[in-house]
Amino acid sequence: VFMPFGRLRAMLSHHSPGPASPCVIRFILGILFPAVVSGYGLRASEDAAVVIAQDGVPRLPIVRGSVEAPVAELRTYLARIVGAAFSVVDATPSTVGLYVGINSDFPWLALADTVTLGTEGVLLQTRSGSVYLIGHRPLGVQHAVTTFLQRLGCRSFFPGDVWECIPQRTTIAGSWNERRQPSFVTQ
């Protein structure tokens with residue numbers, strides 16, 4: 001079903017009105033239809049949307065684990081998105097918030113099989129009013145924060161503020177249920 005974009009563009013631009021060619025039909029049925037039906041590989045969380053910030057006011061604290069750098073990065077970028085500082089709190093079993101850390105930092109959460117995430121795997125999950133940005137190792141935690149910020153619309157094309165695109169929002173809400181591991185040894 002693979003077709004180079006140049007060939008597809010040429011085929012579509014020179015195609016005369018009339019019945020669709022077998023290549024176009026194969027492209028639509030083989031590539032576009034499954035992508036649309038599958039939701040582009042994203043799975044919706046069963047939990048209701050969690051409000052992280054509303055009307056420019058943070059609603060959830062950042063719950064820190066043992067890996068400090070991703071916590072600081074998340075706090076910095078959320079403040080830039082919302083325009084208000086997010087508090088950082090220590091983890092306790094009763095805390096509702098944005099959990100950032102390795103699974104062993106929060107043993108009471110009983111998150112499903114994070115050992116299989118490997119060194120760089122990511123778990124983003126919404127459950128019981130909290131959002132979990134979890135990795136099995138510190139590098140996975142960094143990737144979890146980066147993935148979460150990308151889901152919020154943050155982009156960094158090259159190092160430096162000039163190359164960053166940070167959305168400005170007064171409200172951040174959603175539900176996430178994503179588990180991914182790199183297909184290769186290092187990302």
Side-chain angles (χ1 to χ4, degrees), residues 2 31 34-53 58 60-81 86 88-159 163-167 169 172-187:
F2 174 74
I31 302 290
V36 170
V37 170
S38 70
Y40 302 100
L42 299 176
R43 293 176 289 163
S45 174
E46 291 89 26
D47 232 345
V50 172
V51 178
I52 296 170
L60 291 178
I62 299 171
V63 182
R64 75 172 142 234
S66 61
V67 188
E68 291 292 328
V71 171
E73 181 178 351
L74 180 65
R75 184 174 193 218
T76 298
Y77 281 96
L78 286 177
R80 288 178 65 187
I81 293 169
F86 279 73
V88 176
V89 298
D90 292 325
T92 63
S94 61
T95 305
V96 174
L98 282 156
Y99 281 77
V100 179
I102 56 178
N103 188 34
S104 61
D105 292 336
F106 320 111
W108 58 88
L109 294 180
L111 296 170
D113 198 22
T114 57
V115 174
T116 60
L117 289 173
T119 304
E120 298 185 52
V122 169
L123 175 66
L124 305 180
Q125 191 173 70
T126 305
R127 191 172 70 189
S128 304
S130 290
V131 178
Y132 303 107
L133 311 178
I134 305 293
H136 180 61
R137 299 275 184 244
L139 191 53
V141 177
Q142 181 63 57
H143 290 316
V145 168
T146 300
T147 301
F148 181 70
L149 291 171
Q150 287 174 343
R151 299 297 176 265
L152 296 180
C154 295
R155 300 291 184 266
S156 181
F157 300 102
F158 294 102
W163 294 100
E164 288 183 334
C165 293
I166 310 299
R169 298 183 188 172
I172 300 173
S175 64
W176 295 267
N177 187 14
E178 184 174 345
R179 176 189 191 90
R180 66 182 185 98
Q181 300 160 277
S183 301
F184 38 89
V185 178
T186 59
Q187 290 191 33

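Excluded from the calculations below are hydrogen atoms, water molecules and symmetry mates; all remaining heavy atoms, backbone and side chain alike, are included.
The only member of Leu117, Leu133, Asn103 that meets side chain to side chain contact (heavy atoms under 4.5 Å, CB included) when paired with Leu123 is Leu117.
Using a 4.0 Å cut-off between a side-chain N of Lys or Arg and a carboxylate O of Asp or Glu, Glu73 and Arg75 do not qualify as a salt bridge.
Checked by atom type and distance alone, the side chain of Ser130 pairs as donor or acceptor with a backbone atom of Gly97 at under 3.5 Å. Checked by atom type and distance alone, the side chain of Ser175 never pairs as donor or acceptor with a backbone atom of Thr126 at under 3.5 Å. Of the possible donor and acceptor atoms, none in the side chain of Arg64 sits under 3.5 Å from a partner among the backbone N and O of Ala72. The main-chain N or O of His143 is found under 3.5 Å from a side-chain atom of Thr147 such that the two form a donor-acceptor pair.
Taking the side chain to side chain donor-acceptor pair (under 3.5 Å) definition, one finds that Ser66 meets it with Asp105, sequence neighbours left out. Legend: residues meeting side-chain contact (heavy atoms from CB on, under 4.5 Å) with Arg80, ordered by chain and number and at least two apart, are Thr76, Tyr77, Asp161, Glu164, Ile166. Remark: Arg137 pairs with no residue by the salt bridge (Lys or Arg N to Asp or Glu O under 4.0 Å) rule, at least two apart or across chains. Partners of Phe157 under the ring pair (Phe, Tyr, Trp, His ring centres under 6.0 Å) rule, at least two apart in sequence or in another chain, do not exist in this structure. Partners of Ser94 according to the side-chain contact (heavy atoms from CB on, under 4.5 Å) rule, which considers only residues two or more places apart in sequence or in another chain, are Thr92.
Annotation: the span from Leu78 atom CG to Ile172 atom CD1 amounts to 5.0 Å, rounded to 0.5 Å. For the atom pair CG (Leu111) and OG (Ser104), the distance works out to 11.0 Å, reported to the nearest 0.5 Å.
Sorted by first and then second residue, the ring-ring contact (aromatic ring centres under 6.0 Å, His included) pairs involving residues 99-134 (not counting sequence neighbours) are Tyr99-Phe106, Tyr99-Tyr132.
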Determine, stepwise, if the pair Gln142 / Glu120 fulfils side chain to side chain donor-acceptor pair (under 3.5 Å). CA-CA 8 Å; Gln142 181 63 57; Glu120 298 185 52; over 6 Å; no
Checking side-chain contact (heavy atoms from CB on, under 4.5 Å) for the pair Leu109/Arg127: CA distance, chi angles, key distance, verdict? CA-CA 10 Å; Leu109 294 180; Arg127 191 172 70 189; 4.1 Å; yes
Side chain to side chain donor-acceptor pair (under 3.5 Å) assessment of Arg179 paired with Thr116: CA-CA 10 Å; Arg179 176 189 191 90; Thr116 60; 2.8 Å; yes
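Counting heavy atoms from C-beta on, the side chains of Val63 and Val100 never come closer than 4.5 Å. Using a 4.5 Å heavy-atom cutoff, the side chains of Arg151 and Trp176 are in contact. Considering only heavy atoms from C-beta on, Thr95 comes within 4.5 Å of Val89 through its side chain. Using a 4.5 Å heavy-atom threshold, the side chains of Cys154 and Ile81 count as touching. Side chains of His136 and Val141 form no contact here, defined as non-hydrogen atoms less than 4.5 Å apart. Put simply, the side chain of Phe148 reaches to within 4.5 Å of the side chain of Val131, judged on heavy atoms. Between Leu60 and Val50 the shortest side-chain heavy-atom distance falls below 4.5 Å.
Contact record, Val122 with Gly140: CG2-O, 4.0 Å, taken as the closest heavy-atom pair.
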